[in-house]
Amino acid sequence: MDFPKKITKQLFKRKNILDEDFYSRDTATVARELLGKVLIIGDEESYCGGFIVEDEAYYGLNDPASHACNGATPRSKIMFEKPGIAYVYFCYGNHYLLNVVTEKPTIPGAVLIRAIEPVFGTGEMIKRRQVKDPERLAKGPGNLTKALGIEKSFNGKNMTDFKDGLFIAGFDISDFNNDSKKNEEIISIFKKYNEIKEISSSSRVGIKQGTESMLRFYIKGSRFVSGKN
DNA sequence: ACCACGATGAACT
DNA sequence: GTTCATCGTGGTC
């Protein structure tokens, strides 16, 4: 792979991979804290991914916009299960959308990942998307899954274990302290997301009910966030 | 069994 | 700003 070993090693390090305790909390809190974390698909030999810049929180019975608002159905039952598993569903006849399950088991919740700044394996993403502009590559939940090659077989994957090939990692910027100049560019991106940050919130996108809740979160000013600006 | 509609995106006017 | 492709899901009959 074309990335410094040190970086690959850190991303796949167990202590940096977000675990069940991280996801087993209030959904909006998890959504906020996922901003600036690294979404990775693949293994240490070959992987794609980038930094999460936009997501949305979905709850259960009291959230009319949620798939879980009427209780568990064959599709939504996964939202009631173990925190940290992937909920991937097919939408509008064209798109797969990626969520991470949150809250304690039996309590429904999930965070929809809406956009990343693509950094790792961008060549692969460009191939899948037929789009070159990095700003547009993984902007919007349908574009993001297409760029990363996520489809229905990813539903139910355990995102707290890199063995399932899909996870979200934090990182420790101090590990990159005395690195050579050739890694300067990529390390500056890690620094950028380490120092977040102003988080903005808004109404969620594409829903007709529950629009009063400000449950969409994004990094203010990021060019990789979907929508008008 | 039926059918309206969507946690979208692209291509239009 | 509007339209529309496309099909799985789930509420309704």
Side-chain angles (χ1 to χ4, degrees), chain A residues 23 26-32 34-35 39 50 52-81 83-103 107-118 125-157 159 166 168 199-219 222-229:
Chain A
Y23 296 111
D26 170 70
T27 307
T29 303
V30 173
R32 283 179 171 277
L34 281 176
L35 296 177
L39 175 65
I52 297 172
V53 296
E54 179 188 359
D55 59 22
E56 287 176 354
Y58 287 86
Y59 288 95
L61 293 171
N62 297 320
D63 182 358
S66 172
H67 290 161
C69 70
N70 291 321
T73 65
R75 180 175 64 166
S76 71
K77 68 175 193 288
I78 196 163
M79 288 180 68
F80 295 73
E81 293 171 14
I85 59 178
Y87 169 35
V88 177
Y89 75 94
F90 189 58
C91 181
Y92 290 108
N94 293 295
H95 312 286
Y96 294 99
L97 271 58
L98 171 67
N99 299 254
V100 197
V101 173
T102 56
E103 310 275 353
I107 313 276
V111 174
L112 170 70
I113 313 294
R114 290 189 56 89
I116 62 170
E117 172 173 351
M125 296 191 220
I126 289 165
K127 255 191 255 170
R128 294 200 188 96
R129 284 270 290 123
Q130 301 291 311
V131 165
K132 277 193 174 164
D133 180 3
E135 285 187 27
R136 294 171 47 203
L137 213 44
K139 181 190 289 239
N143 288 335
L144 179 145
T145 54
K146 189 173 181 194
L148 296 176
I150 291 170
E151 29 65 41
K152 58 176 177 288
S153 71
F154 285 79
N155 191 41
K157 281 207 187 300
M159 295 181 70
L166 180 67
I168 301 171
I199 294 174
S200 298
S201 63
S202 77
S203 179
R204 291 168 292 184
V205 176
I207 56 167
K208 296 228 164 80
Q209 294 175 52
T211 52
E212 68 286 351
S213 307
M214 307 298 261
L215 290 173
R216 170 173 172 258
F217 304 99
Y218 57 98
I219 295 177
S222 170
R223 308 183 314 280
F224 301 92
V225 170
S226 73
K228 310 163 187 78
N229 214 355

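Note that these values count all heavy atoms, side chains included, but never hydrogens, waters or copies made by symmetry. Proteins come first, then strands; the chains are lettered A, B, ... in the order of their sequence lines, and each starts at number 1. All values derive from a computational prediction rather than experimental measurement.
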Nearest-Å distance once atom C1' is located in both C:dG1 and B:dA7:
22 Å
P gap between B:dC2 and C:dT6, integer Å:
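It comes out at 23 Å once rounded to the nearest Å.
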Option passing side chain to side chain contact (heavy atoms under 4.5 Å, CB included) with A:Tyr59 (candidates A:Thr102, A:Leu215, A:Ile107):
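Among the candidates, only A:Leu215 passes.
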Kindly write out the residues that satisfy side chain to side chain donor-acceptor pair (under 3.5 Å) with [X], not counting sequence neighbours, or none if the list is empty.
| X | answer |
| --- | --- |
| A:Asn70 | none |
| A:Tyr23 | none |
| A:Thr29 | A:Asp26 |
| A:Glu56 | A:Tyr58 |

Contacts satisfying salt bridge (Lys or Arg N to Asp or Glu O under 4.0 Å) that involve residues 137-156 of chain A (not counting sequence neighbours) are none
Which residue pairs pass the salt bridge (Lys or Arg N to Asp or Glu O under 4.0 Å) test when at least one of the two sits in residues 83-97 of chain A, sequence neighbours left out?
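The answer is none; no pair qualifies.
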Below 4.0 angstrom, which residues in residues 134-141 of chain A have at least one non-hydrogen atom near DNA chain B?
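Going residue by residue through residues 134-141 of chain A, the ones with a heavy atom under 4.0 Å of DNA chain B turn out to be A:Gly140, A:Pro141.
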For DNA chain B, which residues of residues 57-66 of chain A approach it to below 4.0 angstrom with any heavy atom?
A:Tyr58, A:Ala65
So, is A:Arg75 near the phosphate of C:dC7, with a side-chain N or O under 4.0 Å from OP1 or OP2?
no
Filtered N/O pairs between nucleotides 2-6 of chain B and protein, under 3.5 Å:
from, atom 1, to, atom 2, distance (Å)
B:dG6, OP2, A:Lys208, NZ, 2.9

Going by side-chain hydrogen bond (donor to acceptor under 3.5 Å, both in side chains), name the pairs with one or both residues in residues 204-216 of chain A, residues two or more places apart or in two chains.
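Sorted pair list: A:Glu54-A:Arg216, A:Asp63-A:Arg204, A:Ser202-A:Arg216.
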Considering every strand and a 4.0 Å limit on heavy-atom distances, what is the contact class for A:Leu112: base, sugar-phosphate, or nothing?
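The answer is base, as A:Leu112 lies within the cut-off (heavy atoms under 4.0 Å) of a base atom.
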Atom pairs under 3.5 Å: protein N/O with N/O of nucleotides 11-13 of chain C:
from, atom 1, to, atom 2, distance (Å)
C:dG11, OP1, A:Asn70, ND2, 3.4

Base-paired stems that DNA chain B participates in, counting runs of 3 or more Watson-Crick or G-U pairs under 3.5 Å
B:1-6 with C:7-12, B:8-12 with C:1-5
Counting side-chain heavy atoms from CB outward, which of C:dG10, B:dA10, B:dT8 is closest to A:Asn143?
B:dA10
